[in-house]
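To find a chain, count down the sequence lines: A is the first, B the second, and so on, and within it residues start at 1.
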Amino acid sequence: MTGAAPGGRASSAPLMGRDDEPTVFELSVPGRSAASFRRTDVPEWTADELVPAEHLRIDPAPIAEVSERDLVAHFTRLTHRQYSVDLGAYPLGSCTMKYNPKLCDATAFRPGLANVHPAAPVAHIQGWLELLVDLERDLCQITGMAAATLQPPAGAAGELTGLLLVRAWHRDHPPADGGRPRTRVLIPDSAHGTNPASVSLGGYHVTQVPSDARGLVDVAALRERLDDDVAAIMLTNPNTLGLFEEDIVEMAAAVHEVGGLVYYDGANLNAILGVTRPGDMGFDIVHSNLHKTFAVPHGGGGPGAGPVAVTAALAPYLPGPRPVRLGSDADAGFGWEDPERSIGRVHGWHGNALALARAHSYMLANGGDGLRRVADAAVLNANWLRHRLRDVYDLPYDRVCMHEFVASAAGLKKRTGVKAIDVAKRLLEEGFHAPTVYFPLIVEEALMIEPTETESLQTLHALAEALIRIADAAATPEGADAAHAAPRNTPVGRVDEVRAARHLIPTWDAR
Amino acid sequence: MTGAAPGGRASSAPLMGRDDEPTVFELSVPGRSAASFRRTDVPEWTADELVPAEHLRIDPAPIAEVSERDLVAHFTRLTHRQYSVDLGAYPLGSCTMKYNPKLCDATAFRPGLANVHPAAPVAHIQGWLELLVDLERDLCQITGMAAATLQPPAGAAGELTGLLLVRAWHRDHPPADGGRPRTRVLIPDSAHGTNPASVSLGGYHVTQVPSDARGLVDVAALRERLDDDVAAIMLTNPNTLGLFEEDIVEMAAAVHEVGGLVYYDGANLNAILGVTRPGDMGFDIVHSNLHKTFAVPHGGGGPGAGPVAVTAALAPYLPGPRPVRLGSDADAGFGWEDPERSIGRVHGWHGNALALARAHSYMLANGGDGLRRVADAAVLNANWLRHRLRDVYDLPYDRVCMHEFVASAAGLKKRTGVKAIDVAKRLLEEGFHAPTVYFPLIVEEALMIEPTETESLQTLHALAEALIRIADAAATPEGADAAHAAPRNTPVGRVDEVRAARHLIPTWDAR
Amino acid sequence: MGHFVPHTDAEMAEMLASIGLSSLDQLFAAVPAALRLASGLDLADGLSEPDVLDRIDHLAARNRPAGRDLVCFAGAGAYDHDIPSVVNALAFRSEFVTSYTPYQAEVAQGVLQALFEYQTLVTRLTGMEVANASLYDGASACVEAVNLSVAATGRPGVWVSRGVHPHWREVMATFAAGSGHELRTVDLGADGRTAWPATPGGGGDGTEAPGVLVLQQPNYLGCLEDVAAAVAEARAVGAHVVVAADPVSLGLLKPPGDFGVDVVVGEGQPFGTPLSFGGPYLGLFACRREHVRRLPGRLVGETVDVEGRRAYVTTLRTREQDIRRERASSNVCTNQTLIAVAFAVHLAWLGTAGLRELALRCARGTRYAREALLDLDGVEPLVDGPVLREFALRLPAPAAVVVERMAEEGFLAGVPLGDEYGADDTHGRLLVAVTERRTRAQIDAYVAALDKVIR
Amino acid sequence: MGHFVPHTDAEMAEMLASIGLSSLDQLFAAVPAALRLASGLDLADGLSEPDVLDRIDHLAARNRPAGRDLVCFAGAGAYDHDIPSVVNALAFRSEFVTSYTPYQAEVAQGVLQALFEYQTLVTRLTGMEVANASLYDGASACVEAVNLSVAATGRPGVWVSRGVHPHWREVMATFAAGSGHELRTVDLGADGRTAWPATPGGGGDGTEAPGVLVLQQPNYLGCLEDVAAAVAEARAVGAHVVVAADPVSLGLLKPPGDFGVDVVVGEGQPFGTPLSFGGPYLGLFACRREHVRRLPGRLVGETVDVEGRRAYVTTLRTREQDIRRERASSNVCTNQTLIAVAFAVHLAWLGTAGLRELALRCARGTRYAREALLDLDGVEPLVDGPVLREFALRLPAPAAVVVERMAEEGFLAGVPLGDEYGADDTHGRLLVAVTERRTRAQIDAYVAALDKVIR
Ligand SMILES: Cc1ncc(COP(=O)(O)O)c(C=O)c1O
Ligand SMILES: Cc1ncc(COP(=O)(O)O)c(C=O)c1O
């Protein structure tokens with residue numbers, strides 16, 4: 001018998017036992033296999049006959065050698081070691097971990113969508129094109145913009161697309177005096193990390209704008225940084241503190257005044273659906289995270305979709321080809337069109353199409369009224385929870401928030417030694433996913449909490465109780481110790497991150 | 001706030017926490033709802049306008065009032081509290097808990113199968129009829145019979161169908177001397193409980209036949225019980241001890257001699273696929289448990305399918321309507337036919353059709369050669385495991401077995417006080433489902449173990465190690481105590497069955 | 001082939017050796033040589049996964065499923081309802097699909113709790129006190145109900161309304177051959193309701209008092225039965241009443257429990273299960289608590305574990321065949337648990353208001369369609385009683401022909417009614433069902449097509 | 001509508017009251033009045049679930065998916081492979097689908113371990129040492145590889161073979177506008193391989209030495225490239241080599257790692273992902289260990305928990321944008337984890353022998369189809385090199401017209417090639433792919449149809 005691990009033993013935590021789950025490589029036995037191939041009656045030439053010797057692999061690529069039964073058991077057990085929205089609340093700030101309706105899954109599995117080749121001729125893809133055109137129209141309506149590209153596969157990709165739009169715009173609108181091209185993009189200190197990273201990839205330099213005591217962009221500081229070297233400003237509104245940038249109109253105008261463009265990071269769009277629109281605030285470019293606001297599931301890290309919508313002035317720069325309705329006639333059909341001054345493709349094909357279809361179904365299901373109710377409930381939930389926690393955690397910006405709020409464990413830490421990360425780990429023990437911690441960077445020991453609209457009052461209540469219990473328990477030395485030792489009822493205990501980085505084991509073969 | 005339980009809290013065991021999972025009723029909040037209905041534009045008459053007052057419900061039926069999100073979370077968490085083949089080995093003797101290939105699931109979800117109305121005209125169901133005809137043909141080939149009904153929805157239903165066939169046969173073949181109708185059916189003492197229960201429902205009386213020291217039917221005792229009052233004998237072969245009834249030909253002949261029929265309980269067919277056939281052994285009626293041998297998943301208790309195949313002589317008695325090929329021409333098409341002397345319908349429609357389709361895919365995937373390999377591996381696995389355990393557990397019938405074997409914890413119990421049930425519960429702690437316990441009734445402290453062919457050698461090895469560890473540990477008082485206290489790492493600990501029966505709470509409202 | 005056997009040939013050899021055998025054939029030494037298949041099974045060779053699915057697709061393509069191309073107005077016990085996506089997403093999770101009957105409760109709380117919730121839902125729907133964890137289908141549930149009632153009353157007479165689904169009555173007749181029950185079919189009146197004999201038993205007509213009366217609500221022709229009347233009749237002679245109730249209708253109708261019936265059975269397909277060519281469906285079974293020891297099949301009860309935590313377990317197991325054997329309340333072992341879970345998910349998704357709304361929408365569509373159809377020349381009601389989701393028509397052409405022609409127009413027009421509902425050479429009889437899926441546009445198109453087809 | 005918001009109106013009112021507000025509008029007091037949408041969004045009203053799915057079905061019916069009615073011979077970076085049922089059954093379990101990036105490792109071991117296994121599989125396939133946890137698609141992986149190489153070599157010159165997918169080159173060009181990379185396209189020779197300039201940099205042609213050479217294997221025309229030659233050229237000037245490798249081909253071909261390339265990228269779609277109208281697909285990214293600190297995206301590493309149990313966690317996080325911000329190795333945050341899980345399941349299902357068999361079957365079908373097509377009058381090879389799963393033809397009619405006519409015959413004939421591959425007024429250029437799904441009968445029918453169509 002090979003020393004392979006037993007695929008049929010379910011002793012890995014949590015259903016029974018506290019063992020590791022063996023890797024698929026440990027389950028492998030030479031010669032074992034699950035594969036089967038269809039009968040084709042094609043002549044059975046050998047590899048030697050088909051591939052010149054200098055190209056041919058000598059040994060087959062070592063994959064894994066498992067039975068279908070063991071493969072199924074292995075991955076099924078892995079799912080039992082994984083938290084998810086479908087198991088419970090996931091109040092990760094900035095991530096909008098709402099319930100992902102099953103009807104959107106059903107959409108994504110329709111063979112008439114899923115089995116279409118991306119290079120199929122236009123006559124074969126009329127349904128897809130119409131879907132994309134409809135989605136673009138609805139996104140423009142929601143954001144208050146004129147046109148959009150659906151290609152960017154995630155928020156960060158949308159940001160970079162936006163910055164390339166900024167670049168192309170400025171290329172075509174050089175300083176009247178023939179001066180040098182703009183080099184800087186302004187970003188608030190509360191911004192998400194993708195913003196500055198995208199700025200660099202867009203070929204710009206980051207200039208940080210501080211927040212003021214209100215937790216909003218410091219308008220005076222912003223003005224100080226404005227000159228004709230500024231290509232754009234990137235903002236999210238509500239910002240990452242969950243606060244609405246009340247001076248947004250003034251800020252946008254100020255940036256426009258120096259010839260800069262105003263970019264909207266749509267990660268927080270959920271809060272303002274049907275309430276207000278980035279376009280009306282003065283934004284020129286808006287990306288949306290469909291995997292947040294529009295319920296595309298996060299898939300353990302992706303895929304998402306990050307369409308970018310723009311004003312009419314910027315529309316000619318959008319990536320191409322774009323799906324378009326061919327004329328105003330209802331039967332005119334749909335086709336592709338390359339925008340006049342397109343920055344070019346930003347995706348190998350047409351973006352994360354099936355994710356776009358999911359988002360489209362979600363929007364159809366909600367409609368205008370439903371989306372507004374989403375915003376109402378998301379904001380109400382956040383405020384209710386903020387209220388419940390205000391006596392227990394520090395709330396550096398304790399006023400009506402939007403879809404999320406940022407609490408701080410700084411006081412708790414000072415009093416008890418229990419930090420934000422400990423609160424997070426204790427919350428796992430209580431049956432909830434943790435909030436986002438240590439972000440935004442401007443709040444010490446930040447606990448960024450976004451309940452989303454799909455959690456009920458009862459769930460919020462339980463979550464609040466748990467957070468209060470955690471803080472209360474931290475007051476005793478045993479309680480504080482327990483918090484440091486948390487979590488203890490999860491498939492594994494607290495994980496050694498330092499060791500992972502110091503003794504890097506990135507693959508099974510590197511052990 | 002209503003006192004409803006929080007749907008978004010995942011603290012029920014096992015992923016995090018050790019709480020109960022609230023019922024869907026506890027998650028309910030008046031007025032909450034997940035439902036939505038399509039737009040139909042049908043006039044919106046009120047209930048009063050549609051239903052006479054004397055029929056109309058006064059209050060709506062109280063169901064549950066949950067959001068879709070909470071519903072999803074609730075049922076998803078329930079699945080985390082449930083063991084399954086897809087999580088690990090399930091060596092339940094007599095149950096043939098093999099891996100259920102995912103391709104068979106894919107079959108059952110084909111809209112062209114799943115959305116067909118059972119009363120659709122024959123022209124609409126040619127594909128279904130062909131599938132059923134093919135399946136019947138293959139089942140007949142496998143069992144060595146002439147024709148089959150696919151209507152019985154489970155093994156027990158098949159048994160009763162078989163007994164009604166017996167009854168109809170004898171009605172048409174009365175004693176030459178005009179004597180009284182036969183009243184008895186013979187059943188070995190090792191038989192499954194459905195056999196005697198079915199006999200009663202078939203209007204017969206059970207006469208039990210003892211097993212001999214070999215663990216086989218005592219042929220002499222059988223002969224003693226044979227006379228012209230015997231309508232039939234019901235046997236499974238291999239029998240429930242996992243042993244092949246070596247005298248089957250002789251036994252069948254003896255029963256035939258007195259005019260009785262010979263019924264095959266196909267629960268154990270897995271062992272002999274492609275090796276030998278009930279028809280060749282002398283059986284007249286054979287039911288198959290497609291949810292055992294042919295990988296229809298058990299669904300937490302069902303649905304299954306229990307087709308009954310018969311000799312040519314009995315074919316005219318089969319339930320109708322039967323799917324048939326209309327003539328020998330390849331394009332002749334398919335239709336329904338009522339057997340000449342049919343006992344009538346045994347199912348509201350055509351049996352568990354989608355389960356039949358699953359089994360058909362499984363047979364197609366395996367083919368004749370594959371099914372034989374199933375038997376080989378199933379029997380090999382059982383024997384390998386029997387060997388590994390022979391020094392640790394009693395093996396009342398320790399010789400080459402078929403697909404399963406029955407060990408006994410009688411010696412262990414005597415030595416340590418640890419019983420079969422304790423072994424079972426300890427095995428849960430070790431990451432395996434338990435074997436069948438206390439069945440068959442003729443073995444004390446029975447542990448009936450059927451590994452099935454889809455478990456690997458590595459899994460068998462781990463299972464053996466676990467069973468040996470359990471027995472070894474029982475030798476110490478602490479070990480024995482641990483066994484009595486098992487399981488301790490499962491979502492709930494040992495369950496109080498006595499209380500459940502004494503203080504019956506069959507519904508949430510009965511609490 | 002055998003893609004599902006993990007063993008390599010080397011492992012098989014090693015395993016054989018370790019148990020002292022040298023060939024696989026030796027494993028089967030106990031099988032007499034004469035019984036061994038000389039040349040294996042005469043079956044086709046195994047197919048790869050894609051080849052199997054191609055074959056299945058080939059077969060599926062030769063069916064005409066209900067859908068866009070064949071708009072379904074057929075019912076007769078199998079209904080074309082919308083099934084929300086959550087049903088497949090939840091009920092078909094592999095833990096539910098690939099687990100066995102919950103024999104080891106400690107690792108089966110998922111299935112057990114789901115069944116406990118299902119049982120509760122069935123009692124709430126029907127107004128009864130106890131429900132089991134499912135039976136095979138409506139027909140088998142009806143048989144089991146009769147078995148219970150006959151055993152309880154000690155009287156073998158079973159009076160069955162002709163309004164009970166003909167297939168169910170056939171199944172009852174089939175099984176009566178074993179149980180010895182004496183079935184008598186009771187006709188419907190012109191109002192579409194069962195016309196129970198005036199003096200059931202003990203009367204001048206020489207019949208014995210029945211043990212049980214069985215009726216369906218709404219009945220096979222779609223008409224609402226007078227349950228109270230049946231109960232009154234039965235009570236007069238100490239008989240049980242079994243009602244086969246459509247679960248959708250219970251969204252609007254008074255629950256049978258309110259009338260004091262003994263057993264309520266039903267076909268659970270409308271919640272969570274597609275048409276499925278007739279199976280697997282779901283036998284609903286609920287009864288009064290006093291009958292619980294005769295309950296067929298499995299029953300889940302709430303209890304506690306050793307630490308006092310709430311837990312669920314199958315209970316009153318001494319009724320069951322594996323313990324009681326020939327004296328068991330039923331022979332049922334494998335049931336339809338998974339379908340019961342789907343039922344529970346669908347019903348919970350609907351919720352209290354949604355269930356009512358669903359029933360209301362069916363009733364509205366039914367009325368709209370029925371009125372429009374009766375406006376057609378030559379189309380008449382077969383019976384007159386009030387209906388809910390289904391109704392019977394008399395047509396100027398044979399029903400089978402109408403169904404055939406309507407299929408060309410893109411409709412599954414309904415289910416032809418058998419001769420027992422009024423054989424008549426010049427007219428056809430068709431049972432038409434309208435669920436909440438049917439839009440006004442579809443109904444209008446159906447009516448127009450029928451008008452064309454019967455000319 | 002809003003079927004996904006659980007709150008009843010009463011609860012909303014109660015919640016508002018408990019935080020001292022009296023209307024929902026007050027929640028938005030911070031939004032200046034001038035910015036408030038007066039009359040809501042101008043969108044259609046919300047639809048019920050079945051209405052949404054009807055609309056989707058309506059749209060889907062206006063597409064022609066690959067399948068029985070349109071047998072797919074198109075590739076060009078998107079391939080029609082058989083996907084075993086296990087992929088959907090496992091990768092799309094809701095724990096994988098509805099979880100976030102594994103920030104809390106203790107409750108994310110499922111995703112983390114799956115990614116660890118994925119990373120291992122990618123390194124085994126490519127012969128590299130480290131792989132990340134996925135990027136958006138092949139094109140974006142290629143861009144990231146170039147970013148890494150330019151940063152590592154400090155030289156902005158990027159020489160890209162014309163054999164790299166045209167869309168990928170377009171994407172590289174788009175992003176080069178920001179990064180300032182200097183792209184130069186290197187032509188293919190008549191043998192279908194990249195004809196690298198004899199003296200790459202420092203030569204007499206005034207070009208600077210490039211930082212990186214980028215080629216695709218097999219290339220866009222399906223031809224096998226000489227990776228060793230590219231590496232030799234690059235090494236001579238201290239440049240990196242990035243190979244965009246098709247993962248299926250790696251079942252038969254020498255892994256790029258064996259040639260000492262720096263980064264291997266690829267499009268992971270062929271394993272586990274249907275054609276999907278082009279997305280979500282999967283960017284494969286693997287490199288040598290020395291480059292790990294420049295690795296874009298997430299990386300999962302093995303470690304232990306406090307009790308010493310094996311555990312997985314995202315690691316070397318200081319490369320990432322949320323920590324390193326404008327100096328991050330990349331801006332990628334959300335990636336394609338779920339698609340990576342599907343890839344891992346499919347590949348593990350195939351296994352070592354199965355992967356080789358799959359590649360072999362593609363190569364066989366390709367050879368069979370290519371030979372038969374080249375036998376047709378007027379059909380010629382566009383280039384001559386050895387191929388594996390795809391090949392380019394010169395046809396006597398414009399490719400778009402051929403594709404259109406072939407669609408009437410039931411085939412998606414292939415993907416027309418752009419002018420850069422030999423513009424020519426009288427001939428068409430078509431790229432044809434043959435996967436293991438294509439039977440001899442389908443290929444024969446395709447050849448016959450093409451013969452008819454080009455006449
Ligand atoms: C505020 C903010 N901006 C941008 C992003 C980046 O989006 P993505 O992860 O889709 O690239 C995120 C997501 O984490 C975010 O929260
Ligand atoms: C030997 C034997 N006979 C009959 C049966 C009854 O089959 P079913 O549960 O399908 O009714 C079983 C199943 O448990 C069995 O093991």
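- Salt bridge annotation for A:R345-D:E170: present, with a cationic side-chain nitrogen under 4.0 angstrom from a carboxylate oxygen.
- Between the side chain of D:T101 and the main chain of D:Y103, no donor-acceptor pair closer than 3.5 Å is present.
- Of the two parts of A:P62, the backbone and the side chain both hold a non-hydrogen atom closer than 4.5 Å to a non-hydrogen atom of chain D.
- For D:V306, the parts lying near chain A are the backbone and the side chain together; criterion is any non-hydrogen pair under 4.5 Å.
- Proximity to chain D (any heavy atom under 4.5 Å) is restricted, for A:I248, to the side chain, taken from C-beta onward.
- The contact between D:D137 and chain A is made entirely by side chain atoms (from C-beta outward), counting heavy-atom distances below 4.5 Å.
- With a threshold of 4.5 angstrom between heavy atoms, D:R309 approaches chain A through its backbone and through its side chain.
- A:R32 does not touch chain D: none of its heavy atoms, backbone or side chain, sits under 4.5 Å away.
- Salt bridge A:D280/D:R36: absent, no basic N to carboxylate O contact under 4.0 Å.
- Looking at D:V345, the atoms closer than 4.5 Å to chain A (heavy atoms on both sides) sit in the backbone and in the side chain alike.
- Only the side chain of A:L164 comes within less than 4.5 Å of a heavy atom of chain D; its backbone N, CA, C and O stay farther away.
- For a residue to count as touching a neighbouring chain, one of its non-hydrogen atoms must lie under 4.5 Å from one of that chain's; by this rule D:V415 touches chain A with the side chain only.
- The contact between A:L113 and chain D is made by backbone and side chain atoms together, counting heavy-atom distances below 4.5 Å.
- In this pair, D:W168 and D:H165 present their aromatic rings parallel. The plane angle is below 30°, not in the 30 to 60° band.
- Interface residue A:M97: only side-chain heavy atoms are found under 4.5 Å from chain D.
- Classified by interplanar angle (parallel below 30°, tilted 30° to 60°, perpendicular above 60°), the ring pair D:F277/A:W128 is parallel.
- Only the side chain of A:L87 comes within contact range of chain D, with heavy atoms under 4.5 Å apart.
- Heavy atoms of A:F75 lying under 4.5 Å from chain D belong to its backbone as well as its side chain.
- The backbone N or O of A:G112 lies less than 3.5 Å from a partner atom in the side chain of D:N63, making a donor-acceptor pair.
- Only the side chain of A:P487 has a heavy atom closer than 4.5 Å to any heavy atom of chain D.
- Of the charged side-chain nitrogens involved, none lies within less than 4.0 Å of a carboxylate oxygen, so that D:R310 and D:D305 do not count as a salt-bridged pair.
- Using a 4.5 Å cut-off between heavy atoms, D:L224 touches chain A through backbone and side chain atoms alike.
- Contact of D:E320 with chain A is not made at all, since no heavy-atom distance falls under 4.5 Å.
- Residue D:L16 touches chain A through both its backbone and its side chain, counting heavy-atom pairs closer than 4.5 Å.
- Contact of A:H347 with chain D is made through backbone and side chain together, with heavy-atom distances under 4.5 Å.
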Show, in sequence, the C-alpha distance, side-chain angles and deciding distance for D:F28 and A:F244, and conclude whether the ring-ring contact (aromatic ring centres under 6.0 Å, His included) test is met. CA-CA 9 Å; D:F28 299 98; A:F244 194 85; 8.8 Å; no
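- For the pair D:R55 and A:E130, the salt-bridge criterion is met [side-chain N within less than 4.0 Å of a carboxylate O].
- Between the side chain of A:R57 and the backbone N or O of D:K254, no donor-acceptor pair lies under 3.5 Å.
- Using a 4.5 Å cut-off between heavy atoms, D:D82 touches chain A through its side chain atoms alone.
- Listed for the A:Q126 side chain is no donor-acceptor partner under 3.5 Å among the backbone atoms of D:R62.
- Residue contact with chain A, scored on non-hydrogen atoms closer than 4.5 Å, involves the backbone and the side chain of D:P102 alike.
- For A:R167, the part lying near chain D is the side chain, with the backbone staying farther off; criterion is any non-hydrogen pair under 4.5 Å.
- The residues A:R372 and A:D369 are annotated as not salt-bridged, no charged nitrogen and carboxylate oxygen being separated by less than 4.0 angstrom.
- Proximity of a side-chain donor or acceptor of D:R440 to a complementary backbone N or O of A:D41 within less than 3.5 Å is detected.
- Proximity to chain A involves both the backbone and the side chain of D:R325, based on heavy atoms less than 4.5 angstrom apart.
- The contact between D:T315 and chain A is made entirely by side chain atoms (from C-beta outward), counting heavy-atom distances below 4.5 Å.
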Assess whether ring-ring contact (aromatic ring centres under 6.0 Å, His included) is satisfied between A:Y90 and A:Y83, documenting all intermediate values. CA-CA 9 Å; A:Y90 223 125; A:Y83 193 78; 5.3 Å; yes
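- Contact annotation for D:E307: only side-chain heavy atoms (C-beta onward) come within less than 4.5 Å of a heavy atom of chain A.
- Within the 4.5 angstrom heavy-atom criterion, atoms from both the backbone and the side chain of D:S94 approach chain A.
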